[in-house]
Number of protein chains: 2
Amino acid sequence: MIIPGFRFAAAMAGIKKAGVWDLSLMAAEEPVAAAAVYTRNRVKAAPVLLTRQRLRSGRAQAILVNAGNANACTGDQGLAAARETTGLAGELLGIPPGLVLPASTGVIGQSLPLAKIKAALPDLVANLKAEGLPDAARAIMTTDTRPKTAFFQGKLGGRAFTLAGIAKGAGMIHPDMATLLVFIFTDAAATSAVLKSLLRQANAQSFNRITVDGDTSTNDTVLLLASGKAGNPLIAGAGPEMAALGAGLHQVMGDLARQVVADGEGARHVFKVEVRGAATPRDAKKAAVTVALSPLVKTAMAGEDVNWGRIMAALGRSGARFHPEMVEIAFGAEVVVKNGQGLGLDAEAKAQKVIQSGDFTLMIDLQAGAFTDYYDTCDYTEDYIYINASYRS
Amino acid sequence: MIIPGFRFAAAMAGIKKAGVWDLSLMAAEEPVAAAAVYTRNRVKAAPVLLTRQRLRSGRAQAILVNAGNANACTGDQGLAAARETTGLAGELLGIPPGLVLPASTGVIGQSLPLAKIKAALPDLVANLKAEGLPDAARAIMTTDTRPKTAFFQGKLGGRAFTLAGIAKGAGMIHPDMATLLVFIFTDAAATSAVLKSLLRQANAQSFNRITVDGDTSTNDTVLLLASGKAGNPLIAGAGPEMAALGAGLHQVMGDLARQVVADGEGARHVFKVEVRGAATPRDAKKAAVTVALSPLVKTAMAGEDVNWGRIMAALGRSGARFHPEMVEIAFGAEVVVKNGQGLGLDAEAKAQKVIQSGDFTLMIDLQAGAFTDYYDTCDYTEDYIYINASYRS
């Protein structure tokens, strides 16, 4: 998995436990076009503030990421720490500090262990290599049980191009989880304005469809860097080339988003809540997200219980307009509710088999209009509680 | 606990498991003034629809309640079932069916077991007695671990009066829980318009302060009946008498609401989230409810972990306006965050003792204005998942 123009490295800096990868560096050969979307949480971590400021130029050359410490709610000291670590990284790389973007994930409210990070930086820079992306994917994990990578190859103006992304999702089961970090690299040539536009569109259909707001933590960041090494004519505006790059981005980000859900803390069942027949796009989204985040629906799925009454109750409080006596609910192809009423135990038994058989779609037809929306989500198990009750201990 | 003018009875009708109280009747000697507040969920259970229709008169004489079956999402058949059971109860009581209000709680989407309820009604009517309220409190339980009753005595126009209420909350940990039922009885004399006004006010400060919307399930109902046997001059409008009755109602409903939270499914810690210094009343409410319902805050409390970063993150996504660097957070009297930053491990250790010592207040000062609001809530434990994953099995 090589993306021309980029190199990667990871290290065990001791920010988390000893013997765990927790620091990574991703660097381009030269300054490249870059774009990002960030958390919309009012409480923003220091690295988010600094990255946002530095990316106003639309260009970047490196990303320095630590796991184990979010560097959030750390005030001026936190900002200074982000400046100091990225400053040293820039020095070692021989580039201006303004081209190095910081990102952090982990516990909120603790000081960044400056000495440990600085001690690890020289080797990190020395170890940069083209095939290092999987190492970086591992070093950004927190409660993830496995690294998340996605890869795409396509053509732009007759030239092959590559798109690769890594993500960490510390349990996106709920929108207030600590941190989602996503880093995407391509050798395509495009302006940062084009990258930003494509990133926003793809984000709306991927990471913003696995939570209420993919943007509600203090550290959430999705970064996209484009080295231009593919040699395609620079994409500077709308057209078939921009669409082709967008399609690749959509695929990579959708893939990563699904991996985050599948690795949801304690998750045993992954499912898509799809709402059809809504009166407005807003109604469709409200209905889908309310069902997808309902603790009662999620615990029922953990128990493989076709408890559609909880789905009806969640729809009823979602704010979407519909007539309860029109609603249809199906698990995969197995319809369990028609005209707002249950079809009986046989239908539920068949639907239970759908839940047991793996990933499935919970289909809801409000029969109130023509709009559709969806959320990918997972069930809610005892392990979720265990992981989060003992997160800091 | 006797309320002049009312009698109560309970039975084991076999709607739930054998040997469990699941049917109750509450009856006045004659038609009395009555008022209610209901769920605002778009999906309303048959008994809610019928009670609302019958209470347009402002008068009622009896309430028939079953547990184990919500009679929700049951269509015309469900309405017919509610009519039939309350009709038979009326017949046995010798009163018009329109004076008998139905209420149900339990699983959504299953047909009410008509034959079992009808078979149990004659004995239920025969067993009505003035001291039967505790039996009724037991017979309306579902996943409650203990019955919930509250009692108040005061004076109105020089006459002693009594106010008593019972509640069931099948885990109000989350707003989409099955059902909250509350029944309150008084011998005070007041018009149904006065009762309705007082009920709404007291509800806003009690049951609507233990969830996002105390009103989001399919069956939620709070009913208030006033027999007038206290002999006070009829309260027909604003004045000290209405205020005195309102104070009693406030106390009884607040007491019941706290009992519901304390019996929250799987709850080990009960706490009040109090937000001060908000820029608007709406901001205060948004901030309080977002923290009170945050799964990450609730799981941290289960782990007795002073993880204030999660509180900051929840505040940040609540929609309330504030400057993160102004926020103060305290557990009881132990301040852990000042100026948006943590005060360190010593402060956290003291705050942990507060969590461990029993009910506590989580105090948040946004320092953005003069408005205050609060929510009572409980933690989120493995037992919550267990109870809800296996609810129907």
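The sequence lines fix the lettering, A, B, ..., with proteins before strands; numbering per chain opens at 1.
Environment of CG in A/L114: crowded, with over 12 heavy atoms of neighbouring residues, nucleotides or ligands closer than 6.0 Å. When the shell of 6.0 Å around CZ of A/R282 is examined, it contains 12 or fewer heavy atoms from other residues, nucleotides or ligands.
Every residue two or more places apart in sequence or in another chain that forms a side-chain contact (heavy atoms from CB on, under 4.5 Å) with A/K16 is listed here: A/V20, A/D22, A/A67. Remark: A/V337 pairs with A/W308, A/I329 by the side-chain contact (heavy atoms from CB on, under 4.5 Å) rule, at least two apart or across chains.
For the set B/E325, B/R321, B/M312, B/E304, the entry with the most heavy-atom pairs within less than 4.5 Å of chain A is B/R321.
The shortest non-hydrogen separation linking B/I108 to A/A313 is CD1-CB, 4.3 Å. Heavy atoms only, all atoms of each residue included: A/C73 and B/G340 are closest at CB-O, 3.6 Å.
Residue contact with chain B, scored on non-hydrogen atoms closer than 4.5 Å, involves the backbone and the side chain of A/Q341 alike.
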